[in-house]
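Remarks on the structure that follows.
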Amino acid sequence: MLKRKFSCLFPKPQDFDPLLIESKTAATVVLMLSSPEEEVLAKACDALYKFASKGDENKATLLGLGAVEQLYKLISHEDPTVRGNAVMVLGIMASNYDVKKLLRELDVTDSLISHLVPEGIHELNIIPPLLELLKSEYPVIQLLALKTLEVISKDGEMRIMLGENKGLDCLLTILETDEFSDLHVEALAVLGNCLEDVHTLQLIQQSGGLKKLLSFVRESTIPDIQKNAAKAITKAAYDLENRNILNEEEVEKCLINLLETDNDGVKVAASQAISAMCANLASKRAFGLQGIPQLVQLLSSDNEEVKEAAVAVLVNLTAASPSNASAVAEAEGIEPLLNTLHAQRDGAIANAATVLTNLAMQEPLRVNIQNRGIMSVLAEPLRSTNSQVQSKAAFAVAVFGCDADARTELRSAGGLGPLVKLLHSKNEEVRRNACWAVMTCASDELTAGELCRLGALDVLEEINLSKCRKNNFSEAALEKLLDNNLSQKYSQMGYLSSNNIITDGFYDCGQVSYFK
């Protein structure tokens, strides 16, 4: 009976040459459970199983020797045979009262459930009996049945079987019943797995279950339910058809509602779901009309994870969307975005820089942001050791550096030095954006001269000599630097172009000699 009960957890245990033990050698075999060798572990478990099956006294002996704790560790072993044999021993020992008590203390059930193997499950046709257990009058049995369903419903075939056996209706009924409120979190977790399949999601929608589910989430005040629901929507939203279905059911209202909860974990999960749904243009418009003020508020959160999640959403919302970009500005989001450039998390800093550059695609917003001192704020992200932050900060400099006042601000803030250092980056995107920023900043003589003094000219010449490191911006940056530093250009090139106009301050320092 015990073999049938646990056979769905692991592949069939492997048979080995028998290792016979008596009570006087049991301690030695228990010590073998700490061996690093898989074959030794499997043989030891097999021997302990035979020893324990001889009577309750032997089980008590193994308990006293600490075998239960060792076996508990082995049910998570990477080798399936070791796992299977360890479970067999625990199964036979569980008939002893003291062993059973210790297993409860170790919470072994959850560990066993988490290691369920789909192939064992498929053979046993386990869905119908699990659904029957949901009708049990004992809450603990219902809870364990739901936890088991949560694990096995991660498998696509199991989700299909769950639908075929009307399991979805059963789960929705649990959510609709206040008496089962202690099961709502687990029931929602199972449904969350089911939302990943287009076919299953369509079934839930056609039965009216999806509308009920979203209504339940909107009305719930339990953070775990709200959070798990948002996570389920995130997983479902990775599929195009799923996004369309969720949009039809106005999932946007549900997610925006979750942004206004008091729980930071819920806010993060809801933000991630909104980010995923932004791939649907209709959803993106809906969030732009309703959700941007709430997201802007989250930028001022004391919780860094919340701040990072919110600014990540704004990246998706403002990308190629002038109306959403304007909405961010109207919600007074520019100042919080500038403050987010000082955040503790690299992801938040990089995304804040991206949102600001998205807004800058509109000239009035670019001027607004520039007047608030973005260039002096960007000096610090340019010094970051994170390549994503470096890349986004350099790109922002390229966008905002088209204005003479902005270049002066960056120069005064000491931002040109870190920018030149980024030209040395081995990261192609960082190097490309740094070249772009240098090209933009070299638009006036003062900034071009400072960049040359910091070594930008030498680095760019070196980059342009390398086939794998040069890019269109590196060549353009070098040309712009020389065009705005004519003395240097004449010294290096030996000539000036027809469009190079000499002004006061030009001098001939002699042509650079590369050979002696």
Side-chain angles (χ1 to χ4, degrees), residues 1-16 18-23 25-35 38 40-117 120-121 123-124 126 129-130 132-134 136-152 186:
M1 178 64 69
L2 285 167
K3 289 184 181 180
R4 285 179 59 85
K5 182 181 291 187
F6 290 106
S7 62
C8 63
L9 296 169
F10 306 96
K12 185 178 179 181
Q14 185 174 334
D15 293 328
F16 292 95
L19 178 67
L20 299 176
I21 60 171
E22 299 176 358
S23 58
T25 60
T28 303
V29 181
V30 170
L31 286 175
M32 290 169 64
L33 295 177
S34 300
S35 171
E38 294 169 356
V40 172
L41 291 173
K43 284 185 175 180
C45 288
D46 189 50
L48 291 175
Y49 176 82
K50 292 173 181 174
F51 180 72
S53 64
K54 292 181 180 177
D56 205 55
E57 185 179 341
N58 286 2
K59 293 166 190 168
T61 299
L62 293 179
L63 174 65
L65 292 171
V68 173
E69 292 86 348
Q70 292 292 335
L71 291 163
Y72 175 67
K73 293 177 184 177
L74 292 181
I75 63 176
S76 298
H77 197 278
E78 60 183 13
D79 182 76
T81 303
V82 173
R83 289 201 306 267
N85 286 4
V87 170
M88 295 293 287
V89 185
L90 288 176
I92 194 72
M93 290 182 66
S95 61
N96 178 279
Y97 174 79
D98 292 324
V99 172
K100 190 181 298 182
K101 182 179 178 182
L102 179 56
L103 289 174
R104 285 201 190 99
E105 292 174 5
L106 293 172
D107 199 16
V108 72
T109 306
D110 282 348
S111 184
L112 291 171
I113 290 173
S114 68
H115 287 87
L116 289 166
V117 178
I121 298 171
E123 293 176 2
L124 292 171
I126 200 172
L130 280 173
E132 280 298 312
L133 290 178
L134 293 179
S136 170
E137 60 186 35
Y138 298 104
V140 66
I141 292 177
Q142 294 173 313
L143 188 64
L144 289 174
L146 283 171
K147 286 185 175 182
T148 305
L149 284 170
E150 180 186 354
V151 173
I152 65 176
E186 286 74 20

Next on the checklist: Under the rule for side chain to side chain donor-acceptor pair (under 3.5 Å), what residues qualify as partners of D98, not counting sequence neighbours?
Outcome noted: none
Checklist entry - Do you know which of V82, D79, L90 makes side-chain contact (heavy atoms from CB on, under 4.5 Å) with L74? => result V82
Next on the checklist: On a heavy-atom basis, which atom in A52 and which in K59 lie closest, and how many Å separate them?
Outcome noted: O-CE, 3.1 Å
Next on the checklist: How long is the straight-line distance from CG of L48 back to CG of N58, given to the nearest 0.5 Å?
Outcome noted: 10.5 Å
Checklist outcome for this item: Hits for salt bridge (Lys or Arg N to Asp or Glu O under 4.0 Å) against E69, two or more places apart or cross-chain, chain-then-number order -> none
Item to check | Side chain proximity check, M88 to C45, heavy atoms < 4.5 angstrom | outcome: no
Checklist entry - Partners of A67 by side-chain contact (heavy atoms from CB on, under 4.5 Å), sequence neighbours excluded? => result V30, L62, L71
Checklist entry - CG of L41 to OG1 of T81: how many Å apart, nearest 0.5 Å? => result 11.0 Å
Next on the checklist: How long is the straight-line distance from CG of N85 back to CG of L33, given to the nearest 0.5 Å?
Outcome noted: 11.0 Å
Checklist outcome for this item: For S34, the side-chain contact (heavy atoms from CB on, under 4.5 Å) test, sequence neighbours excluded, returns Q70
Checklist entry - Do any N or O atoms from the side chain of S111 and from the backbone of V108 form a donor-acceptor pair under 3.5 angstrom? => result no
Checklist entry - So how far is it from F51 CZ to I92 CD1, rounded to the nearest 0.5 Å? => result 13.0 Å
Checklist entry - Is it the case that D56 and N96 place a side-chain donor and acceptor less than 3.5 Å from each other? => result yes
Anything under 3.5 Å between a donor and an acceptor, one on a side chain of residues 138-152, the other on a protein residue two or more places apart or in another chain? List them.
| residue | atom | partner | partner atom | Å |
| --- | --- | --- | --- | --- |
| Q142 | NE2 | L134 | O | 2.9 |
| Q142 | NE2 | S136 | O | 3.0 |
| K147 | NZ | D110 | OD1 | 3.3 |
| K147 | NZ | D110 | OD2 | 3.3 |
| T148 | OG1 | L144 | O | 2.8 |

Checklist entry - Can you tell if the side chain of K43 reaches within under 4.5 Å of the side chain of M32, non-hydrogen atoms only? => result no
Checklist entry - E78 and R83: which non-hydrogen atoms are nearest, and at how many Å? => result O-NH1, 3.3 Å
Next on the checklist: My understanding is that only residues two or more places apart in sequence, or in another chain, count here; which of them pass side-chain contact (heavy atoms from CB on, under 4.5 Å) with E105?
Outcome noted: K101, L102
